[in-house]
Amino acid sequence: MRIARGSPIAILLALVVGCDHPFPAREGIPEQRSPQQMSKVYDIGVLPGDGIGEEVVRESLKVLDAIQSIHGFQTRREALPYGAEHFLKTGETMPDVAFDRIRQMHAVLFGAIGDPRIEVGKLEFAIIAGMRHKLDLYVNLRPVKLYHESMCPLKGKMPADIDILFLRENTEDAYAGIHGTTKKDTEHEIALQQMVYTARGTERIIRHAFELATKRGPKKGREKPMVTLIDKANAVRAQDIWTRIFAKVAKEYPGVATDHAYIDAACMWLIKQPEWFDVCVTTNLFGDIITDLGAMLIGGMGIASSGNIHPGKVSMFEGIHGSAPKYKGTDKASPLATILAMGLMLDHIGEAAAAKELEATVASLIQTGRIRSLKAGDHKCSELGSMVRDELLARAKKR
Ligand code: IPM
Ligand code: MN
């Protein structure tokens with residue numbers, strides 16, 4: 001019997017025999033090119049996908065043009081045409097050759113996937129989860145940062161109150177792809193989906209949270225940075241592995257305070273007292289859910305960005321929103337989530353100053369009221385892209 005790598009059976013076998021992680025490791029980010037080159041060149045895969053993906057990516061690239069000219073680096077961009085249209089035309093979701101190409105790149109800038117014409121979950125699993133799994137992007141970094149109080153639906157919360165880094169484990173849990181149904185469409189039907197946690201998978205994301213907290217330093221008024229573990233180990237007993245590994249890793253970071261909340265309570269506290277949270281680490285499914293809640297605290301899905309990251313290797317960056325098919329081609333969707341995700345991408349590939357400046361530029365447009373709202377249609381998608389680009393260029397001119 002041939003067992004496909006990354007298939008449910010391969011994962012189970014890997015778990016049972018205790019061998020290495022079931023998904024193949026990737027090659028590292030390519031070495032810097034010839035020293036004669038005037039500026040650094042990064043290979044970026046551009047995958048707009050479905051729905052609003054195309055327009056939010058187009059606006060982000062407009063901003064990238066400006067920021068790279070200011071910061072003196074270049075990008076070689078390669079279009080990755082995958083998504084609903086490609087699938088309907090060719091029957092192909094995302095082929096192995098695409099992953100092979102991506103492994104040679106520095107990063108992928110991603111729009112969105114999801115189309116009502118196609119079976120629920122098919123493209124999402126093949127493309128989004130496909131990249132997360134096959135490229136082993138085990139860190140899902142989702143910053144929840146408020147740039148202006150007018151963007152927050154909670155009474156009296158200021159930017160200083162809401163600055164949280166969510167770290168969502170990105171390859172395991174209910175997303176491991178082990179599920180099945182038997183006796184379908186009968187009254188005896190049984191449907192199963194496994195929540196998978198490996199020691200390696202759990203430890204590496206928890207360790208990453210402590211590393212980031214150390215790098216970030218304490219929040220204002222606190223002595224130490226803090227990592228909150230969010231789980232549901234009181235009911236999902238398999239998550240006891242998170243409790244134990246978190247305690248073990250924490251011992252190695254005496255400079256970081258620890259905290260714990262069950263996911264239900266964490267949702268409650270996130271609304272009641274978001275200022276409590278600093279760095280939060282959680283499982284794949286809980287991280288998916290709580291970061292939509294977090295997005296609403298900072299202005300909604302139009303501004304919530306994320307990085308799907310394997311530290312030091314090719315990684316993928318996207319807004320956390322979906323494809324919003326009803327807004328496709330209407331020029332109404334906010335591109336800020338993707339633009340800020342591109343900022344996370346710049347930080348990842350080693351252009352930290354450009355990343356910082358991009359974030360500061362978006363923040364200042366919001367703080368000065370030039371970006372009034374992130375509700376679809378309140379500003380045009382193209383207008384927001386141009387605003388960020390023009391503001392970057394204007395700031396550079398002033399220096
Ligand atoms: C996200 C999305 C995806 C997820 C879907 C589209 C599969 O909601 O990135 O948060 O559940 O991870
Ligand atoms: Mn989600």
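We use all heavy atoms of the structure for the numbers below, so side chains are in, but hydrogens, waters and symmetry mates are not. Order of appearance sets the numbers: ligands from 1, and atoms from 1 within every ligand.
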### Query
Under 3.5 Å between some N or O of ligand 1 and some N or O of Arg142?
yes
### Message
Please work out, at 4.0 Å between heavy atoms, whether the side chain, the backbone, both, or neither of Phe125 comes within that distance of ligand 1.
### Response
neither
### Task
Fit a plane to each ring of Phe73 and Tyr42, take the angle between them on a 0 to 90° scale, and name the class: parallel (under 30°), tilted (30 to 60°) or perpendicular (over 60°).
perpendicular
### Message
Tell me the closest heavy-atom pair linking Tyr175 and His133, and the distance in Å.
### Response
O-CE1, 2.8 Å
Only heavy atoms count here, so choose which of [options] is nearest to [atom].
atom	options	value
atom 9 (O) of ligand 1	His321, Glu124, Arg132, Met301	Arg132
atom 8 (O) of ligand 1	Leu123, Asn140, Asp288	Asp288
atom 6 (C) of ligand 1	Val120, Ile128, Leu285	Ile128

### Message
One thing to verify: whether Asp161 and Lys219 come together as a salt bridge, which I'm taking to mean a side-chain N less than 4.0 angstrom from a carboxylate O.
### Response
no
#### Entry: Residues Glu55 and Arg58 bridged, charged N to O under 4.0 Å
no
#### Entry: With Phe110, the side-chain contact (heavy atoms from CB on, under 4.5 Å) member among Ile127, Val46, Val56
Ile127
#### Entry: Contact check: Asp288 to the Mn ion (ligand 2), N/O/S below 2.8 Å
yes
### Task
Measure from the side-chain N and O atoms of Glu172 to the backbone N and O of Thr198, and report whether any donor-acceptor pair falls under 3.5 Å.
yes
#### Entry: Nearest-neighbour protein heavy atom for atom 4 (C) of ligand 1, which is reported as residue plus atom name and distance
Tyr175 OH, 3.5 Å
### Query
Counting from 1, what ligand 1 atoms have a heavy atom of Arg168 closer than 4.0 Å?
1 (C), 4 (C), 9 (O), 10 (O), 11 (O), 12 (O)
